[in-house]
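Following: one structure in structure tokens, then a few remarks.
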Amino acid sequence: MLSETDLARELEATREQLRNLIERNADAIVVVDQSGVVRFANPAAEQLFRQSAQELVGAPLGMPVVVGEITEVDIVGQGDVTGVAEMRVVETEWGGAGARLAVLRDITERKRGEQQREQLFQEQVARAQAEEALHERDEFLALASHELKTPAATLSATAQLLQRQLARQGSLEPDQLERALERLQDQSQRLGRLVDRLLDVSRINASRLTIEPEAVDFVALVSDAVAACQLTTGRHSFVLTGPDELVAWLDRDRLNQVVNNLLDNAIKYSPDGGEIEVTISSTRLPEAEVCLAVRDHGIGIPENLRDKLFERFYRAHNGEQFSGMGLGLFVTRHVVELHGGRITVDSPPDGGARFTVCLPLRDETAHSLH
Ligand code: ADP
């Protein structure tokens with residue numbers, strides 16, 4: 001049996017141990033009463049809040065003390081956010097009444113480390129993106145130079161040939177001259193188109209590509225383009241179907257560019273020739289639209305690459321066989337979208353590719369005209 005003095009001593013020893021545990025604890029411990037006023041704060045709490053226990057006790061803690069999950073709280077010391085702490089709260093009793101005991105662990109350093117790591121990661125991502133952009137630009141410059149060099153070289157070779165023939169013969173035969181002039185015109189037009197495309201891309205990048213819609217007979221526009229394209233190929237035969245006339249609000253030059261891009265691609269990507277079906281249709285519902293489908297029987301496009309075709313520089317068929325800069329469909333999509341329309345692609349089951357452009361019949365960009 002313990003004597004009363006032994007009991008008192010033991011009790012005092014236990015109290016001392018408890019006090020030690022609380023006083024020396026690295027975590028801040030505060031007790032908050034029912035009205036949110038601090039009733040107790042240990043030395044670690046003084047450090048965390050940068051206030052003495054006397055200042056803390058009797059004043060509101062200044063943050064919600066909610067029993068339950070661990071929460072992250074900003075530590076405000078003398079008006080400033082001085083750090084972050086992880087707070088755990090349990091129910092307790094203080095002076096015979098219900099209270100809350102909050103244990104706060106200073107995680108400011110850990111958070112700072114996390115932030116630094118996140119910043120470092122973001123910087124790495126930005127660096128990788130910048131390198132990727134540089135790489136893309138270099139690849140594009142190589143591709144564009146190659147594309148521009150071909151017509152430029154033909155222009156120069158044709159001019160040299162003319163000079164040599166003139167020097168040798170003293171004059172030029174009319175048909176020699178005509179052939180050379182045709183080639184010169186052809187190649188300078190090709191050069192012009194390439195440069196225009198590059199200019200369009202820089203306009204799109206700077207959001208400066210604009211359209212000037214007017215009432216245009218879309219059927220006439222397409223059939224003129226088809227007729228002109230038919231003259232450039234003996235291996236393909238164009239089959240145009242559609243109404244006799246269909247007037248829509250379109251930018252004539254830009255739409256010409258769209259139609260020619262689709263027709264040129266249909267020829268280019270069906271090197272063995274074949275039929276190219278060009279179909280014009282219109283719908284009234286759900287919206288009044290005109291649609292143009294260009295379908296070839298060429299190499300087609302694998303399904304997983306179709307979404308990317310309209311991206312800048314994207315080429316599904318790289319290599320020597322097909323020249324190009326991967327910009328035509330990018331510009332085409334922008335022009336179509338500026339008209340309030342859309343462009344899609346699919347590969348019909350019996351091969352080839354089909355590009356479909358749908359445009360609103362009315363001028364989506366200038367409602368005041370109607
Ligand atoms: P380019 O022809 O100069 O490469 P485009 O932007 O006009 O650029 O076309 C992008 C890519 O889409 C082409 O490189 C090609 O891989 C694919 N493509 C376009 N039209 C067709 C088509 N009719 N058939 C198959 N692939 C096509």
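By the 4.5 Å heavy-atom criterion applied to side chains, Arg137 and Leu134 are counted as neighbours. Between Pro43 and Glu23 the shortest side-chain heavy-atom distance falls below 4.5 Å. Taking the side chain as every heavy atom from C-beta outward, Asp200 and His334 never approach each other to under 4.5 Å. Residues Thr154 and Thr158 meet the side-chain proximity criterion, which asks for heavy atoms closer than 4.5 Å. Within the 4.5 Å cutoff, side-chain heavy atoms of Arg312 are placed close to those of Asn205. Side-chain atoms of Phe140 and Leu327, non-hydrogen and from C-beta on, do get closer than 4.5 Å to each other. The shortest side-chain heavy-atom distance between Ile75 and Leu104 falls under the 4.5 Å cut-off.
Around the CG atom of Asp244, the shell of radius 6.0 Å holds no more than 12 heavy atoms that belong to other residues, nucleotides or ligands. Surrounding CD of Gln122 are more than 12 heavy atoms belonging to other residues, nucleotides or ligands, all under 6.0 Å away. Heavy atoms of other residues, nucleotides or ligands lying less than 6.0 angstrom from CD of Glu214 number more than 12. A 6.0 Å sphere centred on CD of Glu123 holds more than 12 heavy atoms belonging to other residues, nucleotides or ligands. Within 6.0 Å of CG in Asp307 there are 12 or fewer heavy atoms belonging to other residues, nucleotides or ligands. When the shell of 6.0 Å around CD of Glu212 is examined, it contains 12 or fewer heavy atoms from other residues, nucleotides or ligands. Enclosure of atom CD in Glu69 is not indicated, since only 12 or fewer non-hydrogen atoms of other residues, nucleotides or ligands lie within 6.0 angstrom. For Glu16, the CD atom is densely surrounded, since the number of other residues' heavy atoms within 6.0 Å is greater than 12.
The heavy-atom pair separating Ala99 from Trp94 by the smallest distance is CB-CB, 3.8 Å. Of all heavy-atom pairs between Ala45 and Ala28, the closest is CA-CB, 3.4 Å. In this structure, Leu209 and Val335 approach most closely via the heavy-atom pair CD2-CG2, 4.1 Å. Summarising the geometry of Met87 relative to Ala102, their closest heavy-atom pair is SD-CB, 4.1 Å, with the distance given to 0.1 Å. The two residues Pro243 and Ile280 make their nearest non-hydrogen contact at CD-O, 3.5 Å. Closest of all the heavy-atom pairs between Asn42 and Ile22 is ND2-O, 3.0 Å.
Rounded to the nearest 0.5 angstrom, Leu292 CG and Thr356 OG1 are separated by 8.0 Å. Note that the CD atom of Glu147 and the OG atom of Ser323 stand 4.5 Å from one another [nearest 0.5 Å]. Separating the CG atom in Leu184 from the CG atom in Leu161 is a distance of 10.0 Å, to the nearest 0.5 Å. The CE atom of Met63 sits 8.0 Å away from the CG atom of Asp74 when rounded to the nearest 0.5 Å. Leu329 contributes atom CG, which lies 7.0 Å from atom CG of Leu262 (distance to the nearest 0.5 angstrom). We find the CD-CD1 distance between Gln230 and Ile276 to be 8.0 Å, quoted to the nearest 0.5 Å.
The pair Arg9-Asp6 counts as a salt bridge, with a side-chain nitrogen and a carboxylate oxygen less than 4.0 angstrom apart. In summary, Lys111 and Glu114 engage in a salt bridge, as defined by a charged side-chain N under 4.0 Å from a carboxylate O. Using a 4.0 Å cut-off between charged nitrogen and carboxylate oxygen, Arg179 and Glu173 do not count as a salt-bridge pair. Between Glu12 and Arg15, at least one side-chain nitrogen of the basic residue sits less than 4.0 Å from a carboxylate oxygen of the acidic one, meeting the salt-bridge criterion.
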**Q.** From CA spacing to verdict: side-chain hydrogen bond (donor to acceptor under 3.5 Å, both in side chains), Gln119, Gln115
**A.** CA-CA 6 Å; Gln119 196 181 340; Gln115 271 167 5; over 6 Å; no
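No continuous path of ILVMFWY side-chain contacts below 4.5 Å connects Val30 to Leu21, so the two sit in separate hydrophobic clusters. In terms of hydrophobic clustering, with Ile, Leu, Val, Met, Phe, Trp and Tyr side chains grouped at heavy-atom distances under 4.5 Å, Leu101 and Leu61 are assigned to different clusters.
The only member of Thr108, Ile107, Asp106 that meets side chain to side chain contact (heavy atoms under 4.5 Å, CB included) when paired with Arg110 is Ile107.
Not one N or O on the side chain of Ser282 forms a donor-acceptor pair closer than 3.5 Å with the backbone of Glu289. With Glu86 contributing its side chain and Arg105 its backbone, the two residues share no donor-acceptor pair below 3.5 Å. Formation of a donor-acceptor pair under 3.5 Å by the His339 side chain with backbone atoms of Cys358 is not found in this model.
Using cut-offs of 30° and 60° for the angle between ring planes, the Phe355 and Phe310 rings count as perpendicular.
Checking Glu55 against Ser52 by side-chain atom types alone, a donor-acceptor pair falls below 3.5 Å. For Arg254 and Gln257, the side-chain atoms include at least one donor-acceptor pair closer than 3.5 Å.
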